[in-house]
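Bear in mind that the values here come from a model prediction, so they are computed numbers and not experimental data. Note: hydrogens, waters and symmetry copies are ignored here, and every other heavy atom, side chains too, is used.
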Amino acid sequence: MENDINFKILKKDFQEIIDLITSKNFQIANEKLIHVEDKINEMTDFAKKDSDLIAISKYQILLQQLQEQLQHLN
């Protein structure tokens with residue numbers, strides 16, 4: 001159940017990052033991305049089920065896409 005909570009928190013974090021990008025708060029969005037990247041790396045280290053790793057990989061892809069988008073916007 002703990003992993004479900006983490007995924008809900010990740011989803012909320014990503015929505016906040018998207019909102020920051022939309023509001024043109026690129027610096028804050030970038031800082032939040034770094035924080036979320038650390039969180040994702042930690043989740044990867046402690047994942048026990050393949051289904052958790054699959055879900056984490058989806059967030060990693062989204063993270064990479066948002067990082068690329070921010071690089072183009074800066």
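Taking 4.5 Å as the limit, some side-chain heavy atom of I40 sits within range of a side-chain heavy atom of T44. Between N41 and E37, the closest side-chain pair of non-hydrogen atoms falls below 4.5 Å. With a 4.5 Å cut-off on side-chain heavy atoms, F7 and M43 count as touching.
Interatomic distance, N30 CG to Q71 CD, rounded to the nearest 0.5 Å: 8.5 Å. Rounding to the nearest 0.5 angstrom, the gap separating the CD atom in E42 from the CD1 atom in I56 is 10.5 Å. Rounding to the nearest 0.5 angstrom, the gap separating the CD1 atom in I34 from the CD1 atom in I17 is 10.0 Å. In this structure, the separation between CG on L73 and CG on L66 is 10.5 Å, given to the nearest 0.5 Å. Atom CD1 of I61 and atom CD of Q64 lie 7.0 Å apart (nearest 0.5 Å). Rounded to the nearest 0.5 angstrom, K11 NZ and K8 NZ are separated by 9.5 Å.
Closest heavy-atom contact between K39 and L10: CD-CD2, 4.1 Å. Closest approach of D52 and A47 over heavy atoms only: CB-CB, 4.2 Å. Pairing each heavy atom of F26 with each of I21, the nearest pair is CE2-O, 3.6 Å.
Hydrophobic cluster membership differs between I28 and L33, with clusters built from Ile, Leu, Val, Met, Phe, Trp and Tyr side chains linked at under 4.5 angstrom.
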CA sep, side-chain torsions, deciding dist, call: D19, Q15, side-chain hydrogen bond (donor to acceptor under 3.5 Å, both in side chains): CA-CA 6 Å; D19 292 343; Q15 185 59 55; 2.9 Å; yes

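In this structure a side-chain-to-backbone donor-acceptor pair under 3.5 Å is present from S57 to I54.
Counting heavy-atom neighbours within 6.0 Å of D50 CG, excluding the residue itself, gives a total of 12 or less.
Remark: E31 engages no residue in a salt bridge (Lys or Arg N to Asp or Glu O under 4.0 Å) (not counting sequence neighbours).
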